[in-house]
Amino acid sequence: MLEQTAQFRFYEELNDFFPAERRKWSIDYRFKGSPAIKDPIEALGVPHTEVDLIIVNGESVGFKYRLQQSDRVAVYPVFESFDISPLVKLRELPLRKTSFVVDVHLGKLARLLRLLGFDTQYLNNYEDAEIVNISVAQKRIILTRDRRLLFAKAITHGYWLRSMQAEQQVQEVLQRFDLFSQIKAFHRCLLCNGKINPVEKEDISHLMEPKTRIYCEDFFQCEGCEKIYWKGSHVEHMKKTLSRLLGAGADPFGQGQP
């Protein structure tokens with residue numbers, strides 16, 4: 001079988017998957033037969049979850065397009081700021097679902113996303129297959145630093161984090177999925193991800209330390225693990241964290257601040 005060549009060009013943040021010397025340049029890809037175009041894209045190192053538009057010889061195509069000799073392929077990242085509906089959409093489901101499943105190395109990120117009110121599933125002993133199954137079954141976006149995880153065929157929504165620092169990772173996620181308007185701080189349990197609701201003081205007074213009963217009046221409880229929250233000194237610390245993440249002038253509380 002004769003070897004053939006197609007030319008690929010990756011745009012914008014898709015270049016993050018390449019070493020500096022290969023970024024923003026056309027890449028000659030050699031192949032045999034007629035593979036589905038998704039295969040060479042991932043063979044070149046770009047997870048399919050990062051791609052939202054493929055143009056071959058000037059026409060929009062889907063992942064099942066069969067690569068041919070001398071094809072000129074332009075690959076674009078996920079578009080969040082404008083509508084590309086007249087072109088071939090590469091996913092049936094929208095990318096606006098704001099629930100996440102986070103891989104085992106991103107515990108700090110999971111905690112910060114919960115602090116901001118986002119539904120974030122995380123355990124420090126998940127296997128990769130579990131993460132994929134949770135993502136598919138519950139329609140959650142996978143957040144990971146392991147790009148190979150995003151190559152799993154079943155995944156439709158995922159994001160490879162560029163930064164290694166948790167607070168920078170949060171900013172990446174907020175910007176990537178345009179989530180600033182959906183932030184509702186202090187609405188999720190930092191431990192188990194359950195929703196936090198107001199609770200009457202007398203209903204949980206037997207669970208509190210004596211000084212807490214004396215000096216605090218407003219209490220909240222996780223509907224999952226039943227952890228109790230109140231407005232103590234730790235809240236001020238978390239508000240400083242929110243200011244670093246969002247800027248001092250931002251309102252992180254959304255509707256119904258607890």
Scanning both residues in full, the closest heavy-atom pair of Arg176 with Thr49 reads NH2-O, 4.4 Å
For the side chain to side chain contact (heavy atoms under 4.5 Å, CB included) test, which of Val102, Val101, Leu123 pairs with Ile131?
Val101
Donor-acceptor check, side chain of His105 to backbone of Asn124, threshold 3.5 angstrom: yes or no?
no
Between Asp119 and Arg140, is the closest basic N to carboxylate O distance under 4.0 Å?
yes
For residues Tyr76 and Asp52, determine if any side-chain heavy atom of one lies less than 4.5 Å from a side-chain heavy atom of the other.
no
List the steps, then state whether side-chain contact (heavy atoms from CB on, under 4.5 Å) holds for Ile37 with Asp71.
CA-CA 11 Å; Ile37 201 165; Asp71 275 347; over 6 Å; no
Arg23 atom CZ: more than 12 heavy-atom contacts under 6.0 Å
yes
I need the minimum non-hydrogen distance between Leu245 and Gln171, along with the two atoms involved.
O-NE2, 3.3 Å
Before giving the answer on side-chain contact (heavy atoms from CB on, under 4.5 Å), spell out for Glu42 and Lys38 the whole-Å C-alpha distance, their side-chain angles and the decisive distance to 0.1 Å.
CA-CA 6 Å; Glu42 295 200 323; Lys38 175 176 173 288; 3.6 Å; yes
Hey, quick one: are Trp25 and Leu14 part of the same hydrophobic cluster, counting side-chain heavy atoms closer than 4.5 Å, chains of contacts allowed?
no
When the ring centroid of Phe17 is compared with that of Trp160, is the distance short of 6.0 Å?
yes
Side-chain donor-acceptor contact under 3.5 Å, Thr144 with Asp103:
yes
Taking all heavy atoms of Gln4 and all of Gly33, pick out the closest pair and write down the distance.
NE2-O, 3.0 Å
What distance do Asn15 atom CG and Glu13 atom CD have between them, rounded to the nearest 0.5 Å?
9.0 Å
Between Gln7 and Val73, is the side-chain contact (heavy atoms from CB on, under 4.5 Å) condition met? List the steps.
CA-CA 6 Å; Gln7 192 174 81; Val73 183; over 6 Å; no
When you compare the side chain of Phe220 with that of Asn197, does any pair of heavy atoms fall below 4.5 Å?
no
Would you name the heavy atoms of Ser60 and Ile55 that are closest together and state the gap between them?
CA-CD1, 3.7 Å
Rounded at 0.5 Å granularity, tell me how far NZ in Lys32 sits from CG in Leu67.
15.0 Å
Any heavy-atom pair between the side chains of Leu191 and Cys222 that's under 4.5 Å?
no
Hey, are the side chains of Thr120 and Arg188 touching, using non-hydrogen atoms and a 4.5 Å cut-off?
no
Would you say Ile142 ends up clustered with Phe151 if hydrophobic residues are merged whenever their side chains have heavy atoms under 4.5 Å apart, either directly or through other cluster members?
no
Take a 6.0 Å sphere around CD of Glu12 and say whether it holds more than 12 heavy atoms from other residues, nucleotides or ligands.
no
For a 4.5 angstrom cut-off between non-hydrogen side-chain atoms, does Asp39 reach Phe31?
no
Hey, does the Lys NZ or Arg CZ of Lys227 hover above the aromatic six-ring of Tyr229, less than 6.0 Å from the centre and inside 45° of the axis?
yes
My understanding is that only one of Leu174, Leu112, Ile141, Val173 makes a side chain to side chain contact (heavy atoms under 4.5 Å, CB included) with Phe118; could you say which?
Leu174
Compute whether any side-chain donor of one residue and acceptor of the other, for Gln169 and Ser163, lie under 3.5 angstrom apart.
no
Gln221 (side chain) donor-acceptor with Glu226 (main chain) under 3.5 angstrom
yes
Distance, nearest 0.5 Å, that separates CG of Leu161 from CD of Glu172:
5.0 Å
Could you tell me if Arg9 sits above the aromatic ring of Tyr11, with its cationic atom closer than 6.0 Å to the ring centre and no more than 45 degrees from the axis?
yes
Pair Glu50, Arg162 - check salt bridge (Lys or Arg N to Asp or Glu O under 4.0 Å), show working.
CA-CA 12 Å; Glu50 298 277 333; Arg162 276 61 168 175; 3.5 Å; yes
I need the minimum non-hydrogen distance between Leu150 and Tyr159, along with the two atoms involved.
CD1-C, 3.7 Å
Atom CZ of Phe100 and atom CG of Leu106: how far apart are they, to the nearest 0.5 Å?
12.0 Å
Show your working on side-chain contact (heavy atoms from CB on, under 4.5 Å) between Tyr29 and Leu44 and close with a plain yes or no.
CA-CA 8 Å; Tyr29 180 80; Leu44 289 167; 4.0 Å; yes
Say you draw a straight line from OG of Ser243 to CE of Met238; how long is it, rounded to the nearest 0.5 Å?
12.5 Å
Within a strict 4.5 Å, meaning less than it, do heavy atoms of the Gln121 and Asn193 side chains meet?
yes
For the residue pair Ile27 and Arg22, establish whether any side-chain heavy-atom pair is separated by less than 4.5 Å.
yes
Roughly how far, to the nearest 0.5 Å, is CZ of Arg111 from CG of Leu116?
12.5 Å
Has Glu3 got more than 12 heavy atoms of other residues, nucleotides or ligands less than 6.0 Å from its CD?
yes
Any sub-3.5 Å donor-acceptor pair from Asp128's side-chain atoms to Leu149's backbone N or O?
no
Shortest non-hydrogen separation from Ala110 to Tyr122 and the atoms involved
CB-CB, 3.7 Å
Below 4.5 Å, heavy atoms only, C-beta onward: do Leu242 and Ile183 meet side chain to side chain?
no
